[in-house]
There are 2 protein chains.
Amino acid sequence: MVVRRSRRGEVMKKISEAVVRRLPVYLQVLSDLSKRDVQTVSSQELGNKLDLNPAQIRKDLAYFGEFGRKGIGYDVSYLIEKIRQILKLDQGLNVGLVGAGNLGRALCNYNTYLKDNMKITAVFDANPAMIGVAINSLVVMPMDQLKDIVVARNIRIGIITVPAAEAQNVADGFVEAGVEGILNFAPTILRVPEHVRIHYADFTTELLSLAYYLEKEGDETDEPVMD
Amino acid sequence: MVVRRSRRGEVMKKISEAVVRRLPVYLQVLSDLSKRDVQTVSSQELGNKLDLNPAQIRKDLAYFGEFGRKGIGYDVSYLIEKIRQILKLDQGLNVGLVGAGNLGRALCNYNTYLKDNMKITAVFDANPAMIGVAINSLVVMPMDQLKDIVVARNIRIGIITVPAAEAQNVADGFVEAGVEGILNFAPTILRVPEHVRIHYADFTTELLSLAYYLEKEGDETDEPVMD
DNA sequence: TAGATTGTTAATCGATTAACAATC
DNA sequence: TAGATTGTTAATCGATTAACAATC
């Protein structure tokens, strides 16, 4: 079995993607609780809110440390702080976006949504007509400045909101410029080197799979039967 | 074990969400192949393109029927047709959207992306200033018309693109109006009755979990070690 | 103390992968 | 026919859940 070790040599349990993907969800609920001045929360309560098994929540968190207190639960503020550290949100991450179309502009305006020290700090577009256009406090820049700006502003994450046909080119540009992660909104699969992480945010997948679960038009429900 | 049976009494294998979620991805790749006039494709080739195990692809498809030919592979056009049927994309599905903000408008303009017979056919907003505004061929309508329009236009899927704080109200409205599925873009968990399917398209989850995989600032890579 | 709740091990469940007979 | 590739069963792998000692 391949095992990672930290510099100090402790075995690092390989943490699955499913676990990592739940962390932002925990963060969301914890932020709500914090706003409502809740001090402490148990895995049971979190599980109720999220439709998740409490044991799973405890196990997820335990991968990263002992954040709870037996008999008490988790301190909301402390847990928020810890999860933010795990997700590197304590660092201040700069994000670049390519594709100043409708979706791209929406994301720029959402910049408050991307709170947590993550911020879109540069927007690019291939269309000459878009260059110089202001989106909030950002000004659209031409693609030939991508690399320079990414380096200059220490941009570590790239967002792609161009049509599918151009997405691979943009990804290549981001990779060459040295970003470490890419979030792709175009409905297409991209090839990037192993050292670059790529996540997909293609809502068409969610929308089309949603259709599967609709009742077939004019179909009666079939009865579940015990076997 | 709980088993579903069709009206004719055959046992219907319970199909996992993971399988259903891969179907739109297959569809996407198959569409590309079709555009390039490829007639036939093997699970091996599909697997290469998608970084998926060929056996998994064969198994996924076999849940729904025998679509391939031994020794030959899958006929691209036929498989597209079949997957479209499975996802009910052959039916013509009407979609309603609440929240004519930046993201909502982006999705309306994306209406071509939602090809495949799925179409946003009504847009609503709670803000009086937005009522009557044209987005493409759509005109923003007030919330008090939601139910009537959903019924009149046979809208079966609702999209939510309002701020998190209002999302639950909108969801309740959709449910009351009788939609069967909801796609929620707001970064919050919603409660809906069991008979309504809900999918989440919150990109903040993808973005925050992406940050986890960045190299820690100023950290050397740890070496994988065999155990 | 008694009750609550964590962190963690063991048991279960389900999903992915390998292997192969069937067959084009 | 020989080679290729499916559909499917069996084996493996990994993720979720249950259970419980530790302890607040």
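If you're wondering where the values come from, they're calculated on a predicted model, not measured in any experiment. So you know, we letter chains A, B, ... as the sequences are listed, proteins then strands, and number each from 1.
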Measure CG/B:Leu61 against C1'/D:dT6 and give the value in whole Å, please.
11 Å
Could you check whether B:Gln91 and B:Arg156, counting side-chain N and O atoms only, form a donor-acceptor pair closer than 3.5 Å?
yes
Side-chain heavy-atom pair B:Ile57, B:Arg22 within 4.5 angstrom cut-off
no
At under 4.0 Å between heavy atoms, which parts of nucleotides 12-22 of chain D does protein reach? Answer with one letter per nucleotide, 5' to 3': B base, S sugar-phosphate only, - none.
---SBBBB--B
If I take atom CG in residue B:Asp75 and atom P in nucleotide D:dT6, what distance separates them, rounded to the nearest angstrom?
13 Å
Can a salt bridge be assigned to the pair B:Glu17 and B:Arg197 using a cut-off of 4.0 Å between side-chain N and carboxylate O?
yes
Distance-only polar pair, side chains of A:Ser209 and B:Arg21, donor-acceptor under 3.5 Å:
no
If the cut-off is 4.0 Å, is A:Ser43 near the phosphate of C:dT6, judged by side-chain N/O to OP1 or OP2?
yes
Nearest-angstrom distance from the residue atom NZ of B:Lys82 to P of D:dG7:
13 Å
Just so I know, are the side chains of B:Thr188 and B:Gln168 near enough to count as touching, which here means a heavy-atom distance under 4.5 Å?
no
With pairs defined as Watson-Crick or G-U wobble and both distances under 3.5 angstrom, please note down DNA chain D as a dot-bracket string, | for pairing with another strand.
..||||||||||||||||||||||
Between P on C:dT8 and CZ on A:Phe64, what's the gap in Å once rounded to a whole number?
14 Å
When the distance from CZ of B:Phe67 to P of C:dC24 is rounded to whole Å, what number comes out?
17 Å
Could you give me the CA-CA distance, side-chain angles and deciding distance for B:Leu183 and B:Ile160, then say whether side-chain contact (heavy atoms from CB on, under 4.5 Å) is met?
CA-CA 6 Å; B:Leu183 183 61; B:Ile160 298 178; over 6 Å; no
Start at the 5' end of DNA chain D and walk down; is the nucleotide closest to A:Ile72 or to B:Val41 reached first?
B:Val41
Of the nucleotides D:dC24, C:dG7, C:dT6, which one has an atom closest to the side chain of A:Glu66?
C:dG7
B:Arg153 side chain to B:Thr121 backbone, donor-acceptor under 3.5 Å:
yes
In whole angstrom, what separates B:Asn48's CG from D:dT5's P?
11 Å
Indicate whether OP1 or OP2 belonging to D:dC24 is found under 4.0 Å from a side-chain N or O atom of A:Tyr74.
no
Ion pair present between B:Arg191 and A:Asp51, side-chain N to carboxylate O less than 4.0 angstrom?
yes
Donor on one side chain, acceptor on other, B:Asn102 and A:Asn109, under 3.5 Å
yes
